[in-house]
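What follows is a set of notes on a single structure, which appears directly below.
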Number of protein chains: 2
Amino acid sequence: MAFSEDTSTNIDTYDVVQAFKNSQLCKVCESENARMNFSVLCCPPCKVFFRRNARMDLNTNQCIYDGHCDVTVKSRQICRYCRFKKCLSVGMQRELIRASHGPQNRLRVNNKQLATKNSLTNISRNRIIFSLDVIPTLNLLRNDRSLLTVEQWSLLSNVVNVYDAKSPVANVRNILSIQSSFPPKIRLKIAATNMMDIIGSQFVAVYSFVEVIPEFAAMPPSGQATLMERNILNTGGYSGVVIFREAEVCSSEVFQNGFLSKYGSQLTNEVTKVIGRTPMDLTLLKLLIPIVMFSTCSDVVIPVIKNVDRDNITREETGFLPNTKHLLKIQNIYVEIMFKYMIYRYGYDEATMRFAGIIKHFLDQSMCSKHANEVQAHAEMVETIVIESERLLISKDRIDQ
Amino acid sequence: MAFSEDTSTNIDTYDVVQAFKNSQLCKVCESENARMNFSVLCCPPCKVFFRRNARMDLNTNQCIYDGHCDVTVKSRQICRYCRFKKCLSVGMQRELIRASHGPQNRLRVNNKQLATKNSLTNISRNRIIFSLDVIPTLNLLRNDRSLLTVEQWSLLSNVVNVYDAKSPVANVRNILSIQSSFPPKIRLKIAATNMMDIIGSQFVAVYSFVEVIPEFAAMPPSGQATLMERNILNTGGYSGVVIFREAEVCSSEVFQNGFLSKYGSQLTNEVTKVIGRTPMDLTLLKLLIPIVMFSTCSDVVIPVIKNVDRDNITREETGFLPNTKHLLKIQNIYVEIMFKYMIYRYGYDEATMRFAGIIKHFLDQSMCSKHANEVQAHAEMVETIVIESERLLISKDRIDQ
DNA sequence: GAAAAAGGTCACTAGGTCAA
DNA sequence: TTGACCTAGTGACCTTTTTC
Ligand SMILES: [Zn+2]
Ligand SMILES: [Zn+2]
Ligand SMILES: [Zn+2]
Ligand SMILES: [Zn+2]
């Protein structure tokens, strides 16, 4: 008796609890049946709406009305921008969005599939068409290495090897894979720190890469420091894009969420685009990094190939601050290799087009780097790395002497 | 056994349900195939009719008959006002109209093209991958001129023909060959004068080219003068680069020396580089000149192709100064031709790359023009030409009247 | 192991496009 | 201006993962 009473009481309690839950109002649209979703009480429609629009950029996408659309259960479909703005304003967190589970094993078969199960057209229509990006085949010049001298070939190969040796791509992959093995709540906690570690490693890597380039090593520490300060943003950002492409971060949910929460949706979208459009031939991009590092101004300048004789440089005194002329000569060493390599590999016409593509990509990246540096944490980190590396450069110089 | 029974039942049910749906009648016009639209059972045509006319004001827009027109599937087009009145009376809700999705980015081939191509072509054409890195392949659209209308083709051909007719390329070749036939001492004496003649002829040529462009000719002389002043440096410089490429001045020692003495070594090097990197397809470059000339500011702006109807322009009064909107419309005529021509000629992917190359080249040239104008003799000469051409424009206008 | 809170599926109905 | 045909956004209903 006591038991049955208890049971019925429990059932009552349960019903009351359920009724209470169903009466909870959505913080976004005020409809009923709200639950906790992405850390805010809201209705299922608003939950799925938020997930689908999480990457909307409110800066470029604007409300076509006055920007103060009402968001109620009746009017919530009228303006996506104001609805999403309200989602954010009531505190829904993009960071709680997880990666896709992948396709489900559904037991239920839907009517339409049954009705059309004999026709194969549906299958072929839904098939994903794979990217048309093809690795370029070498042209007929393949066996003609006369454009690049033996010294140039070995310099090229050294640059790429050193870059890969210093590359933080394994580190990035490692951080991301460890982080994604944690449960979601903890993942969220360490996301911000990990992201800054990843970004920071890009700049440190550029420093340790450039440091061993002979022409850079031959400079006095003050000159090295000047170049670092001047060009670290572009080289670090660019190197970052190359590394992110190699590490395939765009498919990592952890990376996307971390970047989103640190840099905002606009920059995340742009960076994702830029990474996705990275030219295929990474050799060229790696070669571009020293070229940019030896720039005489922070805006990239690809100088004319003049008649450069490399001996001239070693003959000059190296005890001076880097002057424009001297820098141009160094830069030209690498520019010459780059152009000759491109012409050798792709032929003149295609080389021109590829070059245009690389420049466009670099400029896009440059814009992103500029915007990234408007984030205070980012700017401070870069500054710290520059100061630290300058200290190292000077102390090394002392040891050498 | 149980499965097959279930299956057939489901198929039957599905078919029955579909048949029922298709037999539903529109509450507005009584046609079949009605669904729920804006909270009322109605047919697709009535749905789009309601959305398109949602802002109609029934108080000011009156029926031209008695206000009681029949609205049936046959008669629904007769009277918009009564049809819309009925839409409201059966309960269609304007509140359910949502904000625009914005333009869909699909690049579809039109039906004529679809019909003439095999299916394989369609698949590859409809999936456009936005990447600068695709190897240009032979494009199947190469022989399909349907992208550009007949009017656009003839305008394109006119622009190029007029440009070539006014081109000083023969003049440049002539001056250079005469000069190089003189003995070295005399050559040196006349070098400076000849160089300014050559440079001057570039700017005069642009004036006489632009002058016959219909949209330019239709403007009042004050507007023409404004555009000339604003854009002469870029158009003249750019046209110069094109002409110099055609005249192959880079291989002329006389030209090199003359330029060197007038503009200094830095600019000579840069200009030589820019001329050397001129994109191959000169048609596009010639088309770019009117586009730049109709720019609303002197820094180049390639506007988006919006919905341009050329008729609109001729309908507008031409007696005013060129305003931004008007200029953009004119510019868009040529921008549209340029893009369509590039896509027609090179296919989408390669067109993108070539476009990037052209813009890069233009910007390089722009930098050179800016530097060239820092040379006093150059700036004075350009100013003289502008003043002279303005005088001509105004006097012509008087003769016309 | 159950509740909570993620993500997946698909029918439905918005809006966009283009040619008549 | 109209309407056939297209793509895209919504939300009910479901499965999977995480938390406790
Ligand atoms: Zn809601
Ligand atoms: Zn709004
Ligand atoms: Zn109807
Ligand atoms: Zn009527």
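Since the structure is predicted, the reported quantities are computational estimates derived from the model, not experimental observations. Chain letters run A, B, ... following the sequence lines, proteins first and then strands; every chain starts at 1.
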What is the separation between atom [atom1] on [X] and atom [atom2] on [N], rounded to the nearest whole Å?
| X | N | atom1 | atom2 | result |
| --- | --- | --- | --- | --- |
| B/R80 | D/dT1 | CZ | C1' | 8 Å |
| B/F50 | D/dT2 | CZ | P | 15 Å |
| A/F49 | D/dA12 | CZ | P | 15 Å |
| B/R55 | C/dG15 | CZ | P | 14 Å |
| B/F38 | C/dC12 | CZ | P | 17 Å |
| A/I78 | D/dT10 | CD1 | P | 12 Å |
| A/R98 | C/dA4 | CZ | P | 15 Å |
| A/E253 | D/dT18 | CD | C1' | 13 Å |

How far apart are the C-alpha atoms of A/V28 and A/M92, what are their side-chain angles, what is the distance that settles it, and do they pass the side chain to side chain contact (heavy atoms under 4.5 Å, CB included) test?
-> CA-CA 10 Å; A/V28 178; A/M92 293 179 82; 4.1 Å; yes
Please step through side chain to side chain contact (heavy atoms under 4.5 Å, CB included) for the pair B/V90 and B/L41, ending with a clear verdict.
-> CA-CA 9 Å; B/V90 297; B/L41 254 184; over 6 Å; no
Does a side-chain N or O of [X] approach OP1 or OP2 of [N] to a distance below 4.0 Å, or not?
| X | N | value |
| --- | --- | --- |
| A/R51 | D/dT10 | no |
| B/N37 | C/dA14 | yes |
| A/R35 | C/dA6 | no |
| A/R76 | D/dT10 | no |
| B/R83 | D/dG3 | yes |

Give the nucleotide from the list C/dA6, D/dG9, D/dT2 with an atom nearest to the side chain of B/H101.
->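 Among the listed nucleotides, the one closest to the side chain of B/H101 is D/dG9.
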Assign the ring pair A/F50 / A/F38 to parallel, tilted or perpendicular, where the plane angle (0 to 90°) is split at 30° and 60°.
->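 Tilted, since the angle between the ring planes falls between 30° and 60°.
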After noting the C-alpha distance and the side-chain angles of A/S265 and A/T268, does the key distance pass the side-chain hydrogen bond (donor to acceptor under 3.5 Å, both in side chains) rule?
-> CA-CA 5 Å; A/S265 55; A/T268 305; over 6 Å; no
Which residues within residues 87-97 of chain B lie with some heavy atom under 4.0 Å of an atom in DNA chain C?
->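 Listed by number, they are B/I97.
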Is it true that atom OH of A/Y65 has more than 12 heavy atoms of other residues, nucleotides or ligands lying nearer than 6.0 Å?
->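 More than 12 heavy atoms, drawn from other residues, nucleotides or ligands, come within 6.0 Å of this atom.
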Identified side chain to side chain donor-acceptor pair (under 3.5 Å) partner of A/Q179 from the options A/N194, A/T193, A/N174 =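 Only match with A/Q179 under side chain to side chain donor-acceptor pair (under 3.5 Å): A/N194.
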Separation of B/K86 NZ from B/R76 CZ (nearest 0.5 Å) |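 Those atoms lie 11.5 Å apart.
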Relative to the 5' end of DNA chain D, which residue comes earlier, A/Q77 or A/R187, by the nucleotide with the nearest heavy atom?
->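 That would be A/Q77.
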Please figure out whether B/P44 or A/R52 has its closest DNA chain D nucleotide nearer the 5' end.
->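 The residue whose closest nucleotide sits nearer the 5' end is B/P44.
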So, does the side chain of A/K47 form a donor-acceptor pair with the base of C/dG7 at under 3.5 Å?
->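 Pair found.
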